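Please read the structure below before turning to the comments.
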Amino acid sequence: MAADKKTEQSYHEWEEPLFNAWKESGCFERTPGFGKNGSQTYTIVIPPPNITGMLHMGHALNDTIQDTCIRRARMQGYQTRWILGTDHAGIATQTKVDKKLAEEGTSRLEIGREAFIKACYDWRAEYGTTIVNQIMGMGCSCDYSDEKFTLSPEYAHAVRKVFCDWYHDGLIYRGKRIVNWCPSCTTAIADDEAEYVDEKGHLWYLRYPLTEPVDGIEYVVVATTRPETMLGDTGVAVNPKDERYKNLIGKTIKLPLVNREIPIFADYYVDSEFGTGCVKTTPAHDPNDYAMGQRNDLDQINIFDEHAVVVEGYGKFSGMTRDEAREAVVAEFEALGLLDHVEDHDHSVMTCYRCHTKLEPWLSEQWFVAVDRLKEKAAQVVEDGTIQFHPARWKQVYLDWLENLKDWCISRQLWWGHRIPMFYCDTCGWEDACMEDIDVCPKCGAPVRQDTDVLDTWFSSQLWPFATQGWPEAPEQLDGTYPTQVLSTARDIMGLWVARMVMSSLYFTNEIPFEHVIIHPTVMAADGKPMSKSRGNGVDPLKLMEAYGADGMRFGLLLQVTGAQDLKFNESKLESSRNFANKIRNAARFVMLNLDDYVPGDPQPATLADQWIFSRLARLVESLDKAYEGFEFGEITRELYAFFWNEFCDWYIELSKPRLNAGGQDRAICQRNLVFVLNTALRLLHPIMPFVTEQIYQELPGEKETEFLMMASWPDAEALAMYKNDEAERAIGLVTQTVSGIRSTRARYGLSPKVELNVVVKPENEQAAAVFAEQQTLIASLGKVTIDQIAQDVQKPQESSVVLSDGVEVYVLLSGLVDFEAERARLEKQCKTLEKDRMKFEKKLSNQGFLSKAAPEIIEKDRAKLADIVDTLQRLQDQLDQLG
RNA sequence: GGGCGAUUGGCGCAGCGGGAGCGCAGGUGCCUUACAAGCACAAGGUCACAGGUUCAAAUCCUGUAUCGCCCACCA
């Protein structure tokens, strides 16, 4: 039996037909809306995965969050649309295709630009759909009928317009700048795409001879981590306040090895405390040196080619790589007696985020976006809460990022991407950004050439929320569906992507791109470190779905979402979620097995049990709505789990068994109530566990509101509010306490669950007596006891154990079965615990400060608690006395 | 160097001013006609440390320690 269960299903398998049914019925396309929200739209754009991508845990979590939001919105009656698409991913794709060509024995340079781009499209056709299929596997309700792509003709048109408009508005300019150059990818890399890696290096102290000795000083010593760059030195900097070097300012140095005469100059950038206080300055190969060079009018000498190999004109150094040149330069200095000394020095080096090659600061011609005019508004809309971050503390991180933002290098020396629409006439010098390709110069008629660079991938992704919605050709499509409602993403691309979307959207649409930004925690491996191939600590969501179903994975992931920045992946949560899905299925099976004579009808809270579960349900919906407002997915899943399992299954279903068996009118009422609670719970669970809930919904008897649960309505908290019932909750509290107490007694004395026990009951007052009387059948059945007597004046029988619950004492008759020393020990332990509580509350309630300052309802509550404790203590004491 | 987060039972985490909770693991007893991927019961914590605010602190403030992340990048 158990073995059958395990082979019964690969969870994932039965999910697929349901997905196809949704898809075929058009459920994923934009919905028309209904009810009070029907006229409003709710749109999400998916962060476009790279076409090179495979579904990883980050996607799994992020897509679950979005699907949960959009599914709930759909059920709430909004006109929903979740826009799907992929990113062409410049460097990532080019790297893959390069590799493929290499395997085929050719290369990009060999086949040329046009053929290479075709190869990229071919690659996309073959592999680029993988991730979309995987997203489908998760059950995501994206609009698959209208998939977007950042390199489609329409999208390219939008990108081109952005470039041209910004260029003509003076926001895009060309400049010679130091950029982070990857000598392996042979392209510029944005600052934020570079990764720093700590490296154990050295500080070399080099002697630089003065052209003419000054006051007997023949040389200065400079400290450097990169001796090879001395070939491009065009100055030596000192701090103007540094007394040691004051009289050297303005003098010159005869640069060794290259015999270049370079000036000693003053700049406040120099820290006199570090090294020797003299800084060799290489404007073409260091960003700070570049800045100093600008201020002090130094030459810029580029010593490396695009592969970071020393260029012609440097004798034996020409043709050497960076590392070879370093070794050779140091050796030469040593030979010349100019190597002062060497120290160990740890520092960090920039590496390419794609290929991890050390980046070279390299002077080259690049295109930039001037951000000053854009960033102010982008800060404003977050500052004033027009765009909200969840959790809220990310607001400050966003603002800080904008604050420190520098001009953005957007040109990349790649082939795969949006080619920069700049056209140049070499004949007359004309140049412009053009919306349409041109062959000849509009000014002189000579042939023109187009810029060969392409745009940074983020330049196109920044348009994602509006370029996917018809901009700029059909701005009216933006009406009503723009701004979008939710943007969910990982924190690492908050600046790179989120801020840039805000900037470009405000400029081009005059609107914010989205109202809420969800920054979800980063999924770390179980060891707390980032998941990575090299560490081998990663987890594959596809395998997780095989093991736990998409439902199990989704629920299990959301259970782990908190306000923290990271989430240490915990597979056991997925296991409990899979078990939870199973529990839901089984509970539904129980309900349906008992519906053979079912007559549909309105729910009717006839008994205290009904009133209780309806009340709990009403509070659940209210509380879920509140948690959804703050996008608190951990809270949402925990509440659903607790309600369904611990209240509905553990108690309501158990309480309903005797009623169903009894037959008659109460059976009919109970059936309807079970169906009602189950149906409502399925709706609440559906956005997170779409498959199980849909499957059960399909099997439920009776008329359906909609063909699919996916399109059904979200339970209305206001309509349910009338079921809130404190009294019923208290009354069922008495039942559960009593039953648990009886079971506990049974377990304590090792009495088999099969043995029927006898009890007598002493209610404290009329009300308790009435409640108990009403519930006695249930209590008798769940506790497996026979109730001999209920009366306010019963005495505790000899040889019995007592169960204390609110307002009632239940005496379990144990004559002959039990060691009463154990019972005494138990009562004494309980007394001890309560005695501590009593003292705590007595102290609190005799504290003048508390009485005068605390809120009256708190004082009342605590008084009641104390009274309760004292009462219970007294009752326990009585039991002890009777044990003798 | 600047900023942010974490520190709660064996493990992973909730709670974030008013009597310490969940999941997993472990213990005991149950194949109770929805479910052994289950049910019942029990056990397990001076909420990192030190000060402070408050009638009241796991919860707020300050500092310390440990771990982690982001940003900057002093040659």
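Just so you know, these numbers come straight off a predicted model, no measurement behind them. Every chain is numbered from 1, with letters handed out A, B, ... down the list of sequences.
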Inset, instruction - Examine B:rA42: is either OP1 or OP2 under 4.0 Å from a nitrogen or oxygen in the side chain of A:Ser744? Give yes or no. - result: yes
Inset, instruction - Grab the two heavy atoms, one from A:Met689 and one from A:Ala581, that are nearest each other, plus how far apart they are. - result: CE-CB, 3.9 Å
Legend entry - B:rC39 phosphate, OP1 or OP2, under 4.0 Å from A:Lys583 side-chain N/O: yes
Inset, instruction - Compare the minimum distances between each of B:rG18, B:rC35, B:rC39 and the side chain of A:Ile858, then state the nucleotide with the smallest one. - result: B:rG18
Inset, instruction - Mind telling me whether A:Phe633 and A:Phe631 have parallel, tilted or perpendicular rings, with 30° and 60° as the class edges? - result: tilted
Legend entry - Under 3.5 Å on both distances, the Watson-Crick or G-U partner of B:rC69: B:rG3
Inset, instruction - Please state whether the phosphate of B:rC31, meaning OP1 or OP2, lies under 4.0 angstrom from any side-chain nitrogen or oxygen of A:Lys754. - result: yes
Legend entry - Phosphate-side-chain proximity, A:Tyr269 and B:rC74, N/O vs OP1/OP2 below 4.0 Å: yes
Inset, instruction - Check every strand shown and say whether A:Arg491 touches a base, only sugar-phosphate, or nothing at a heavy-atom separation below 4.0 Å. - result: sugar-phosphate
Legend entry - Any A:Thr562 side-chain N or O less than 4.0 Å from OP1/OP2 of B:rC13: no
Legend entry - Nucleotide of B:rC39, B:rA14, B:rC74 approaching A:Arg638 most closely (side-chain heavy atoms): B:rA14
Legend entry - A:Lys395 vs B:rC4: side-chain N/O to OP1/OP2 distance below 4.0 Å: no
Legend entry - Distance-only donor-acceptor check, side chains A:Asp233 and A:Tyr208, under 3.5 Å: yes
Inset, instruction - Answer yes if the side chains of A:Asn296 and A:Asp267 hold a donor-acceptor pair under 3.5 Å, and no otherwise. - result: yes
Legend entry - Rounded P spacing from B:rA42 to B:rU28 in Å: 16 Å
Legend entry - B:rC41 OP1/OP2 closer than 4.0 Å to side-chain N/O of A:Ser740: yes
Inset, instruction - Look at all strands and tell whether A:Thr281 reaches a base, only sugar-phosphate, or nothing, counting heavy atoms closer than 4.0 Å. - result: nothing
Inset, instruction - Check whether the side chain of A:Glu654 and the base of B:rA34 form a donor-acceptor pair under 3.5 Å. - result: yes
Inset, instruction - Counting heavy atoms from C-beta on, name the nucleotide in B:rC35, B:rA75, B:rA34 closest to the side chain of A:Lys657. - result: B:rA34
Legend entry - Nucleotide of B:rA34, B:rA75, B:rC41 approaching A:Arg743 most closely (side-chain heavy atoms): B:rC41
Legend entry - Side-chain donor-acceptor contact under 3.5 Å, A:Asn239 with A:Tyr268: no
Inset, instruction - Would you please confirm or rule out a distance under 4.0 Å between OP1 or OP2 of B:rG38 and any side-chain N or O of A:Asn579? - result: yes
Inset, instruction - Could you tell me which nucleotide pairs with B:rG26 by Watson-Crick or G-U wobble geometry, both distances under 3.5 Å, or answer none if nothing does? - result: none
Legend entry - Any A:Trp651 side-chain nitrogen or oxygen under 4.0 Å from OP1 or OP2 of B:rA40: no
Legend entry - Watson-Crick or G-U wobble mate for B:rC49, both contacts under 3.5 Å: B:rG63
Legend entry - Phosphate OP1/OP2 of B:rA56: any A:Lys843 side-chain N/O under 4.0 Å: no
Inset, instruction - Verify side-chain contact (heavy atoms from CB on, under 4.5 Å) between A:Cys278 and A:Tyr205, making sure each step is shown before the conclusion. - result: CA-CA 10 Å; A:Cys278 288; A:Tyr205 286 78; over 6 Å; no
